[in-house]
There are 2 protein chains.
Amino acid sequence: MMHHLLTYLRSLASLSDESWQLLQPALKRKHVAKNELLLKEGAVCQSLYFIEKGYCRSYHLADGLEKNTGFFFENDMATNISSFGSGLPSEYFIAAGEPLEVIVFDKQLLQEAGKKAPEIETAGRCCIRLFAAKQEAFSNLFRLYTAKERLAAIEERYPFMLQRVPLTQLASFLGVARETLSRIRSRRVL
Amino acid sequence: MMHHLLTYLRSLASLSDESWQLLQPALKRKHVAKNELLLKEGAVCQSLYFIEKGYCRSYHLADGLEKNTGFFFENDMATNISSFGSGLPSEYFIAAGEPLEVIVFDKQLLQEAGKKAPEIETAGRCCIRLFAAKQEAFSNLFRLYTAKERLAAIEERYPFMLQRVPLTQLASFLGVARETLSRIRSRRVL
DNA sequence: GGCATTTTGTGATAATTGTCACACCATTTT
DNA sequence: AAAATGGTGTGACAATTATCACAAAATGCC
């Protein structure tokens, strides 16, 4: 039960069986159909999502166009960290890109669990630290590399992303037009 | 004494006078001259830096060129969150852009303080959450906006940045050539 | 299978940006 | 005062990318 999550958390911090039990009330399994929303723009993010199967993406709506800003796969934590932390409305959506199996962390119940077991607090801190490090790495792709190099970097570090994410969605994530990404990709093969 | 830091921490989480006292052993004031390094590429980041006065920047060295990836001002926490968390060597430098007054958090001593006072753990988690939210916001600038719009966004949210950071340094942070940034800026005035 | 919808590829052209070269200005050094 | 240094503006041209238009391919649905 919740096997992957336990492994994930124990890779980040020590977590006794007791702490793990104290965490259970804050957790809930959920299935989400493809294209269904985990978080709406304007809503306050009240949950963390641990992804067991499938992937989801965060996107902004601008001029009716979806601009993808993040992708989250198996063993990732997905959330709007800003809204979750501040209690302010989310500026973007999070939607399932494939049929999703997630474990939902409820914010209130998680706080209570954290008070009972400091190990949970520590594990939470490690999760956020990972999240921050990942954001930083993606952010730096834009400052250090050209569009072509960004694609190569993604291909090297997250090859499954190119397999599973439609090119149209990947384009805005890499900060280029769909057509440009298509051309970069075709030139690469030659 | 450490007045700004206390205000900052209390804006993030409740922190009793007792917890604050328990935190003291982990803190140390430090002056850093302009252009001096807080963190070298290849070194493991062992500290968090709370900035009381001045600013610092993180930069990668590629082909002998400095590419700026982050700027940190008064009441910001600066660190290599990835290296600090994982214990792996830093891939970039952090240097003072102005004469700096910082409060150094020592990693080991901070951990010990956190064990004694859970409030410190919680405040630490809030710091990292802010850090992550900021990284995400900067990262999204590239996906949502053109170079011109990115400059406008910085001007609106961080006007002091344009005053204090040399254009040459700002350019790589915005992901454009120095000349391009110079032209964007001059076109804006017309 | 056949039809509708979604996704991807490609050509043509305009707009933006990078690169190289050099001028200008302010400050510091000798 | 002359020279060196660091930061910035600008012209010219090449390279890259965005945009629009449409074709081809893949996918889902009846």
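What you see is a predicted model; the values in this text were computed from it and never measured. For the numbers below, each heavy atom of this structure counts, side chains included, while hydrogens, waters and symmetry mates do not. We name chains A, B, ... by the order of the sequence lines, and we start the count at 1 in each one.
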Rounded to whole angstroms, how far apart are [atom1] on [X] and [atom2] on [N]?
| X | N | atom1 | atom2 | value |
| --- | --- | --- | --- | --- |
| A/Gln163 | C/dT7 | CD | C1' | 17 Å |
| A/Lys34 | C/dT5 | NZ | C1' | 13 Å |
| B/Arg164 | D/dG7 | CZ | C1' | 18 Å |
| A/Glu98 | D/dT27 | CD | C1' | 15 Å |
| A/Leu174 | C/dT8 | CG | C1' | 16 Å |

Going by atom type alone, with no hydrogens or angles, which donor-acceptor pairs under 3.5 Å involve a side-chain atom of residues 61-68 of chain A and a protein atom two or more places apart or on another chain?
residue, atom, partner, partner atom, Å
A/Glu66, OE1, A/Arg57, NH1, 3.0
A/Glu66, OE1, A/Arg57, NH2, 3.1
A/Asn68, OD1, A/Ser172, OG, 3.2

Q.
Need the bend value for the helix from C/dG1-D/dC30 to C/dT30-D/dA1: angle between end axes, 5 pairs each end, nearest 10°.
A. 40°
Q) Per the ring-ring contact (aromatic ring centres under 6.0 Å, His included) rule, which among A/Phe72, A/Tyr55, A/Phe138 passes with A/Tyr158? A)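 Checked A/Phe72, A/Tyr55, A/Phe138 against A/Tyr158; only one passes ring-ring contact (aromatic ring centres under 6.0 Å, His included): A/Phe138.
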Q) Nucleotide by nucleotide, 5' to 3', does protein get under 4.0 Å of the base (B), only the sugar-phosphate (S), or neither (-) in nucleotides 23-28 of chain C, counting heavy atoms? A) ------
Q) What is the per-nucleotide protein-contact pattern of nucleotides 8-21 of chain D, from the 5' end, where B denotes a base atom under 4.0 Å from a protein heavy atom, S denotes such proximity for sugar-phosphate atoms only, and - denotes neither? A) BBBBB----SSBBB
Q) Looking at B/Asp17 and B/Arg10, does any basic side-chain N land under 4.0 Å from a carboxylate oxygen? A)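 Yes, this pair counts.
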Q: Answer yes or no: is there an ion pair linking A/Arg29 with A/Glu101, defined by an N-O contact shorter than 4.0 Å?
A: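 Here A/Arg29 does not pair with A/Glu101 in a salt bridge, since their nearest N and O are not under 4.0 Å apart.
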Q: Could you please spell out the steps behind the salt bridge (charged side-chain N to carboxylate O under 4.0 Å, His left out) verdict for B/Lys53 and B/Glu74?
A: CA-CA 5 Å; B/Lys53 190 83 195 93; B/Glu74 283 85 0; 3.3 Å; yes
Rounded to the nearest 0.5 Å, what separates atom [atom1] in [X] from atom [atom2] in [Y]?
| X | Y | atom1 | atom2 | result |
| --- | --- | --- | --- | --- |
| A/Glu155 | A/Leu162 | CD | CG | 5.5 Å |
| B/Phe173 | B/Leu151 | CZ | CG | 11.5 Å |
| B/Lys115 | A/Thr122 | NZ | OG1 | 9.0 Å |

(Q) Suppose the criterion is side-chain hydrogen bond (donor to acceptor under 3.5 Å, both in side chains): which pairs have a residue in residues 129-139 of chain B, not counting sequence neighbours? (A) A/Tyr92-B/Glu136, B/Asp76-B/Lys134, B/Ser139-B/Arg143
Q: Answer yes or no on whether A/Lys107 is positioned over the face of A/Phe84, meaning its NZ or CZ is under 6.0 Å from the six-membered ring centre and within 45° of the axis.
A: yes
Q: Using the test salt bridge (Lys or Arg N to Asp or Glu O under 4.0 Å), find all partners of B/Glu98 that sit at least two apart in sequence or belong to another chain.
A: B/Arg164
